[in-house]
Amino acid sequence: MAYAYWKSGKINDVATFDLFFRKNPFKGEFTIFAGLSDCLKFLENFHYSETDIKYLRTVLPESVEDEFFQFLQQLSPKDVTVCALSEGSVCFPRIPLMRITGPLIVVQLLETTFLTLVNYSSLITTNAARFRIAAGKEISLLEFGLRRAQGPDGGLSASRYAYIGGFDGTSNVLAGKLFAIPVKGTHAHAFVTSFTGLEDLSSRELKKNTEGQGPDKDFVTLCVDWRTQLGEFLSILASEAHDGELAAFISYAMAFPKSFVALIDTYDVSKSGLLNFCAVALALNDLGYKALGIRIDSGDLAYLSRVVKETIECVGKQYDLPWFRDMVITASNDINEETILSLNEQGHKITCFGIGTHLVTCQRQPALGCVFKLVEVNNKPKIKLSQDVEKVTMPGQKEAFRLYSSDGHALIDILQRPGEDPPQVGKRVLCRHPFEESKRAYVMPHKVEHLYTAVWKNGQIAQNMPTLVEIRQNVQESLRTLRQDHKRSLNPTPFKVGVSDDLYHFIHDLWLENAPIGELS
């Protein structure tokens with residue numbers, strides 16, 4: 001396409017494109033904008049190298065002139081201007097997330113990369129934000145999705161944007177290294193089943209967690225004694241608890257005495273895993289360590305979490321260990337948003353969710369559907385028409401504003417033409433549906449927010465870009481501006497997006513001007 005533009009003499013044309021989407025994902029009524037920082041990094045490195053040109057010569061027709069390849073080599077984004085929403089902010093259909101203005105050929109070449117950088121990142125961030133809303137503020141969320149992600153690149157991006165969306169940590173160690181995301185995880189069932197009995201343990205001693213050099217203690221005997229004592233106290237047959245599981249827990253605790261978390265559902269949570277865990281946790285306590293908690297990866301998660309909570313509270317009370325009652329109860333096992341909502345209704349006692357497949361693959365909706373549409377060339381507005389009204393574009397450059405009610409919640413996003421006076425606090429604004437004439441309303445804003453900021457100008461990033469943590473904070477701050485009925489999972493209230501009266505008439509005049517007139521005979 002770039003060659004066709006060049007061949008047509010359009011090298012000096014200046015164009016504006018809008019990057020936007022038409023429908024919120026996951027049957028919801030909000031989306032989180034993400035991927036902007038990646039787009040700006042791409043712009044900083046945008047150029048065609050000698051090896052790029054050499055390859056392009058092999059795939060383009062032999063008739064392509066040398067001058068075109070010379071033209072490609074000197075291309076740069078120095079004349080491109082990008083205005084965008086703040087990364088991590090809530091956004092809605094039809095409102096451009098980014099407005100890109102510059103040489104037609106250059107901006108057209110940015111299309112595919114910008115779309116792939118914004119589509120997936122915004123989808124993952126939105127999915128993560130929905131999980132956070134479903135789980136609530138107090139429960140920890142860990143991203144466990146690398147092994148199910150669409151390749152290592154998808155897995156790395158998912159870890160990053162799940163953290164931005166509200167997750168607290170990841171099992172992806174590389175993501176932790178590259179993005180400073182807290183790394184969390186536990187052992188697998190394979191670790192437990194690799195042990196047959198206590199004879200598999202190569203070491204029996206563990207140092208006390210005290211200053212100075214204390215004598216090593218026989219940790220294995222301590223654990224076995226505790227299991228016997230706890231079996232009588234909890235009315236669980238210690239002889240039926242799996243010795244291989246106990247050996248695995250002992251081994252893992254000796255490796256990580258300060259961060260011991262055990263996966264307790266390999267054989268049976270109630271009859272084996274929970275007893276073995278508590279025995280090892282109490283043995284660690286005798287040596288000055290505090291176990292962190294357990295993970296359950298199968299079964300009735302609501303019921304089992306209550307069993308675990310009752311047991312650790314009972315043990316903590318019996319042995320006067322307040323911290324024991326507050327240990328982490330982590331649940332995994334193919335958890336999705338609906339699972340969490342159902343567990344909430346069942347009164348679960350889970351304090352942490354490990355979520356993988358349904359987070360990183362976005363099974364409910366695997367693509368956001370952002371598009372990149374031409375709206376202006378050489379100051380002349382352009383419109384794309386369609387029998388599907390939803391696919392009719394809104395021509396020309398536009399400014400976007402968010403209007404707020406007296407209680408601080410966002411009421412409506414409105415698009416205007418650049419020359420219009422912006423909405424003012426306390427002054428009535430007519431907001432119209434862009435395509436349905438009868439849908440209109442006056443809004444009296446108590447706060448007006450201009451949504452666009454120039455983020456790329458004169459060949460460089462135009463302002464200090466936020467850190468990963470700052471973008472993450474922006475997500476939660478932006479979500480707080482939405483009413484709860486916009487954010488709920490079931491039948492959320494649509495958030496209104498409108499246009500000014502001037503823009504409405506401009507769209508429809510241009511529509512009539514470009515639509516062919518039929519003839520009846």
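The basis for the numbers below is simple: all heavy atoms, side chains too, and nothing from hydrogens, waters or symmetry mates.
By the salt bridge (Lys or Arg N to Asp or Glu O under 4.0 Å) test, Asp218 pairs with Arg204, sequence neighbours left out. The ring pair (Phe, Tyr, Trp, His ring centres under 6.0 Å) test applied to Phe233 returns no partner, not counting sequence neighbours. Taking Phe92 as the reference, Phe495 meet the ring pair (Phe, Tyr, Trp, His ring centres under 6.0 Å) condition, with sequence neighbours excluded. The ring pair (Phe, Tyr, Trp, His ring centres under 6.0 Å) test applied to Phe195 returns Phe191, not counting sequence neighbours.
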Do any side-chain atoms of residues 307-330 form donor-acceptor pairs under 3.5 angstrom with protein atoms, and if so which ones, sequence neighbours left out?
{"residue": "Lys309", "atom": "NZ", "partner": "Arg325", "partner atom": "O", "Å": "2.8"}
{"residue": "Thr311", "atom": "OG1", "partner": "Val307", "partner atom": "O", "Å": "2.8"}
{"residue": "Tyr319", "atom": "OH", "partner": "Gln229", "partner atom": "NE2", "Å": "3.1"}

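Checked by atom type, the side-chain pair Glu449/Tyr404 shows a donor-acceptor distance below 3.5 Å. Using modelled atom types and a 3.5 Å distance limit, the side chains of Glu29 and His486 yield no donor-acceptor pair. Between Gln108 and Glu111, the side chains place a donor N or O and an acceptor N or O closer than 3.5 Å (distance only, hydrogens not considered). Side-chain N/O atoms of Thr31 and Asn24 include a donor and acceptor closer than 3.5 Å. Of the N and O atoms on the side chains of Ser332 and Arg295, at least one donor lies less than 3.5 Å from an acceptor on the other residue. Under 3.5 Å, the side chains of Thr228 and Asp225 contain no donor-acceptor pair of N or O atoms.
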Inset, instruction - Could you please spell out the steps behind the side chain to side chain contact (heavy atoms under 4.5 Å, CB included) verdict for Ile100 and Phe372? - result: CA-CA 10 Å; Ile100 306 97; Phe372 196 88; 3.6 Å; yes

Legend entry - Derivation of the side-chain hydrogen bond (donor to acceptor under 3.5 Å, both in side chains) call for Asp388 and Ser386: CA-CA 5 Å; Asp388 182 356; Ser386 173; 5.4 Å; no

Legend entry - Verdict with supporting geometry, Glu337 and Arg364, side chain to side chain contact (heavy atoms under 4.5 Å, CB included): CA-CA 10 Å; Glu337 186 180 339; Arg364 289 182 63 190; 3.2 Å; yes

Inset, instruction - May I have the step-by-step check of side chain to side chain contact (heavy atoms under 4.5 Å, CB included) for Leu359 and Phe353, ending in yes or no? - result: CA-CA 12 Å; Leu359 172 65; Phe353 286 106; over 6 Å; no

Inset, instruction - Go through the steps to decide whether Ser157 and Ile124 satisfy the test side chain to side chain contact (heavy atoms under 4.5 Å, CB included), and finish with yes or no. - result: CA-CA 9 Å; Ser157 295; Ile124 288 289; over 6 Å; no

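Classified by interplanar angle (parallel below 30°, tilted 30° to 60°, perpendicular above 60°), the ring pair Tyr252/Phe256 is tilted. By the 30° and 60° cut-offs, the orientation of the rings of Phe249 relative to Phe260 is perpendicular.
Applying the ring pair (Phe, Tyr, Trp, His ring centres under 6.0 Å) test to every pair with at least one member in residues 119-156, sequence neighbours left out, gives no pairs at all.
Checking side-chain atoms of Asn344 against main-chain N and O of Ala134 turns up a donor-acceptor pair under 3.5 Å. In this structure, Asp52 contributes its side chain and Ser49 its backbone to a donor-acceptor pair below 3.5 Å.
Of all the heavy atoms in Arg488 and Pro492, the pair that sits closest is O-CB, 3.4 Å.
Rounding to the nearest 0.5 Å gives a distance of 4.0 Å between NE2 of His189 and OG1 of Thr266.
A 4.5 Å side-chain heavy-atom check between Leu234 and Leu274 finds every atom pair outside the cut-off.
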